[in-house]
Novice: 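This structure is in structure tokens; I'll ask about it shortly.
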Number of protein chains: 2
Amino acid sequence: MILYPHTATSQEGGATMYQQAGSVGQDDHMTTPLYRRVADALRTEITSGGYTPGMDLPSERELQSRYDASRNTIRQALQTLVAEGLVVSSQGRPYQVRKQEIFTLNASRFEDLRYSTAEDGDSYDNDVLASGRIPRQDFQVQLVPAPPEIADRLWIEPGETVTLRYCLRFVDDVPWSTQATYYPRALVERHPRLAEPRDISEGTTRYLADHGVEQVGQRDEWMSRPPTPDEARALQIGPGVSVLVWTRTGHTRDRPVRCTLTTFRGDLNRITYDLGDLSALDGKDQS
Amino acid sequence: MILYPHTATSQEGGATMYQQAGSVGQDDHMTTPLYRRVADALRTEITSGGYTPGMDLPSERELQSRYDASRNTIRQALQTLVAEGLVVSSQGRPYQVRKQEIFTLNASRFEDLRYSTAEDGDSYDNDVLASGRIPRQDFQVQLVPAPPEIADRLWIEPGETVTLRYCLRFVDDVPWSTQATYYPRALVERHPRLAEPRDISEGTTRYLADHGVEQVGQRDEWMSRPPTPDEARALQIGPGVSVLVWTRTGHTRDRPVRCTLTTFRGDLNRITYDLGDLSALDGKDQS
DNA sequence: AAGTGGTCTAGACCACGTA
DNA sequence: ACGTGGTCTAGACCACTTC
């Protein structure tokens, strides 16, 4: 198959290799580039269901002859689809239409003790289990100097030693998010289990509440950006996929007690907040 | 300058053109690709302040000789920096280090009438003006069939005619976000100013509240993804920049009354939510 | 006119996955 | 062994911007 610019044009008389190229997408003024027309054609096939999630795409060499384009041009087209998140690639394996399984997190209820009991345990585990999937967390505890943006939120001096509880979280064994929680030194001294390098079964929020440190409010901040090389490795994503960064600073009535930085892949997560009076939704599906 | 794989290797004895290429980054096993080493070098120069925001980078041809690489390889390196959002490019102009001016939106207060008076006007204008910038909105009103995801949130049938108030928003004349608000037909019939194709000076939330339709709660949903071609055009962003998509469904005590879809560039916006009791912050900077 | 990035070709070698 | 994607080269023409 050959993609013509706007109206069909003849392919004959391709003189030099560059003239021939031009007759399809280069000489003609104001025509959309060939790589984009190829990307559009493939995108249409994917979204219209011609290629379904999990299915392999034709190989680059195959597409090359199918669209009468050079391999670089085909690669540029595929690269576009990867950046759009429609397609994944890995060395040695064909391009694949990506599976879109989306996970929803209700941030306004997350860590809210009214929605859980002491037996329930960790907020994250609960949310994942509730959606019928299997959670896993790899824990790690470190003592680190507070980065400026953390110190600012915790009302401490930059560089002061803080306890960092870091974990890499999995959903059905797929790396899903990283989470780093910073606690001020004074708090950890009074509540030493925060420094234990393993999960706290009833959840840290509950542990602190049971010992008189009640987190009554939190400020959340969200941003989205391309993954750093570190994040790309930890979350096993390519540069075309953006990450959502969630910063939650928890407060008691007097002061901030912790700051949690979570990163997700931006395309496979939905975050919801319920604000005000949503009693209208009570009878409805809470999705 | 030449970037050697791990330790410096001799350049002599480049036989064929491919061998020569190999001696820098191809023959050697387990070395990071040349394009990535070039990208890393440039990224370091940018983040360490060698190239400051707004400054031009050397041209592709210049970098080509500087790093002894082909133009395609240099382009691949620059392409990754564009995808990371560090650099912008446009035809005919040199690559430029991107300016990072960030805008913060407090979503938990947005449209909350407790934080404004009848004279204040539009929520968006307020938020932008409060940060010392100049807002502008291009308005448009259409009657459209309700898309399924909108119908679902508004408790109406897909395809039912709804009123769509669409606007493209600017901050200091830079396209910043698009916003599309859908109102069910029955509501517009009772409150006809919703169908006027211009801004409602006191804000739609206030207009409805003054006529007995009080929005007492809202459910927000967030996601992040690569821009669609339409969004890329409207927001003037490239494919390397992700967009944040905000869906807010407003409810009265009885039912949903509107659904607003907002898209921003993900890298230049911060979204905050204040939850629970944050009286601890009262004396502090509310940034 | 000269310089810059955007598109495209043709062809090479390599690393990885599968069989 | 073979096919797939990943990296790289050398060189061409084009469109846009600036002078």
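Each chain gets a letter, A, B and so on, in the order the sequences are listed, and its residues count up from 1. Worth knowing before you read on, the calculation uses all heavy atoms, side chains too, and leaves out hydrogens, waters and symmetry mates.
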Novice: Before giving the answer on side chain to side chain donor-acceptor pair (under 3.5 Å), spell out for Q79(A) and Y35(A) the whole-Å C-alpha distance, their side-chain angles and the decisive distance to 0.1 Å.
Specialist: CA-CA 10 Å; Q79(A) 179 52 43; Y35(A) 81 93; over 6 Å; no
Novice: What's the closest nucleotide to the E60(B) side chain, out of dT18(C), dC8(C), dG6(C)?
Specialist: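 So the side chain of E60(B) is nearest to dG6(C).
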Novice: To the nearest angstrom, how far is D56(A) atom CG from dG17(C) atom P?
Specialist: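 The answer, rounded to whole Å, is 14 Å.
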Novice: So which one's nearest nucleotide on DNA chain C is more toward 5', L57(B) or G92(A)?
Specialist: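 Going by which nucleotide is closer to the 5' end, it is L57(B).
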Novice: With a 4.5 Å cut-off on side-chain heavy atoms, are I74(A) and Y67(A) touching?
Specialist: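 Of all side-chain heavy-atom pairs linking I74(A) with Y67(A), at least one is under 4.5 Å.
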Novice: List for me each residue that meets side-chain contact (heavy atoms from CB on, under 4.5 Å) alongside R265(A), sequence neighbours excluded, and say none if there are none.
Specialist: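 With neighbours one apart ignored, the set is R98(A), I237(A), V241(A), D267(A), L268(A).
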Novice: Less than 4.0 angstrom between a side-chain N/O of Y95(B) and OP1 or OP2 of dG6(C), yes or no?
Specialist: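 So the side chain of Y95(B) is within the cut-off, an N or O lying under 4.0 Å from OP1 or OP2 of dG6(C).
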Novice: Whole angstroms only, please: what is the CG-C1' distance between D68(A) and dT7(C)?
Specialist: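 Those two atoms, CG and C1', are 15 Å apart.
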Novice: Starting the side chain at C-beta, find the nucleotide from dT7(C), dC16(D), dT7(D) nearest to Q91(B).
Specialist: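 Of all the options, the side chain of Q91(B) is nearest to dC16(D).
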Novice: Report the distance from atom CZ of R71(A) to atom P of dC13(C), rounded to the nearest whole Å.
Specialist: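 It works out to 14 Å between those atoms.
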Novice: Rounded to whole angstroms, how far apart are CD on Q79(B) and P on dT7(D)?
Specialist: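 Nearest whole value for this atom pair: 13 Å.
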Novice: Could you check how far CG of L81(B) sits from P of dG5(C), rounded to whole Å?
Specialist: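 Value for this atom pair: 13 Å.
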Novice: Just how far is it from atom CG of L86(A) to atom CG of L81(A), taken to the nearest 0.5 Å?
Specialist: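 L86(A) atom CG to L81(A) atom CG measures 6.0 Å (nearest 0.5 Å).
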Novice: I want to verify a distance call: between dA10(D), dG5(D), dG5(C), whose nearest atom is closest to the S89(B) side chain?
Specialist: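 From the listed options, dG5(C) comes nearest.
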Novice: Which whole-number value in Å describes the distance from Q64(B) CD to dT4(C) P?
Specialist: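 In whole Å, dT4(C) P lies 11 Å from Q64(B) CD.
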Novice: Less than 4.5 Å apart, any side-chain heavy atom of T178(B) and any of Y166(B)?
Specialist: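 Counting from C-beta outward, T178(B) and Y166(B) do come under 4.5 Å.
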Novice: Taking CD from Q76(B) and C1' from dC8(D), how many angstroms apart are they, rounded to a whole number?
Specialist: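 Those two atoms, CD and C1', are 9 Å apart.
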Novice: If an axis is fit to five pairs at each end of the helix from dA1(C)-dT18(D) to dT18(C)-dA1(D), what is the angle between the two, to the nearest 10°?
Specialist: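 For the helix from dA1(C)-dT18(D) to dT18(C)-dA1(D), the axes at opposite ends meet at about 10°.
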Novice: Can you tell me if the side-chain N/O atoms of S59(B) get under 4.0 Å from OP1 or OP2 in dG3(C)?
Specialist: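 No, outside the criterion.
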Novice: Is any side-chain heavy atom of D220(B) less than 4.5 Å from a side-chain heavy atom of W246(B)?
Specialist: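 Sidechains of W246(B) and D220(B): in contact.
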Novice: Roughly how far, to the nearest 0.5 Å, is CG of N269(B) from OG of S177(B)?
Specialist: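 Going from the OG atom of S177(B) to the CG atom of N269(B) covers 7.5 Å.
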Novice: Can you tell me if the side-chain N/O atoms of S90(A) get under 4.0 Å from OP1 or OP2 in dG17(C)?
Specialist: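 No, outside the criterion.
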Novice: Side chain of R75(A), heavy atoms from C-beta onward: which of dA15(D), dT7(D), dC8(C) has the nearest atom to it?
Specialist: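 For R75(A), the side-chain atoms sit closest to dT7(D).
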Novice: Once you round it to whole Å, what is the distance between C1' of dT4(D) and CD of Q96(A)?
Specialist: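 For the pair Q96(A) CD and dT4(D) C1', the rounded distance is 13 Å.
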Novice: Among dT7(D), dG5(C), dG6(D), which nucleotide has an atom closest to any side-chain atom of R61(B)?
Specialist: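 So the side chain of R61(B) is nearest to dG5(C).
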Novice: Should V38(A) and T80(A) count as side-chain neighbours, where that means a heavy-atom distance under 4.5 Å?
Specialist: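 They are not in contact (no side-chain heavy atoms under 4.5 Å apart), so the answer is no.
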Novice: Taking only N and O in the side chain of T73(B), is any of them less than 4.0 Å away from OP1 or OP2 of dT9(D)?
Specialist: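 Yes, within the criterion.
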Novice: With no angle test and no hydrogens, is the base of dG3(D) tied to the side chain of R93(A) by a donor-acceptor pair under 3.5 Å?
Specialist: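 Such a pair does not exist between side chain and base.
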Novice: Counting heavy atoms from C-beta on, name the nucleotide in dT9(D), dT9(C), dC13(D) closest to the side chain of A69(B).
Specialist: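 The listed nucleotide nearest to A69(B)'s side chain is dT9(D).
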Novice: By nearest atom, which of the nucleotides dG11(C), dG6(D), dT4(C) is closest to the N72(A) side chain?
Specialist: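 Between dG11(C), dG6(D), dT4(C), the one nearest the side chain of N72(A) would be dG11(C).
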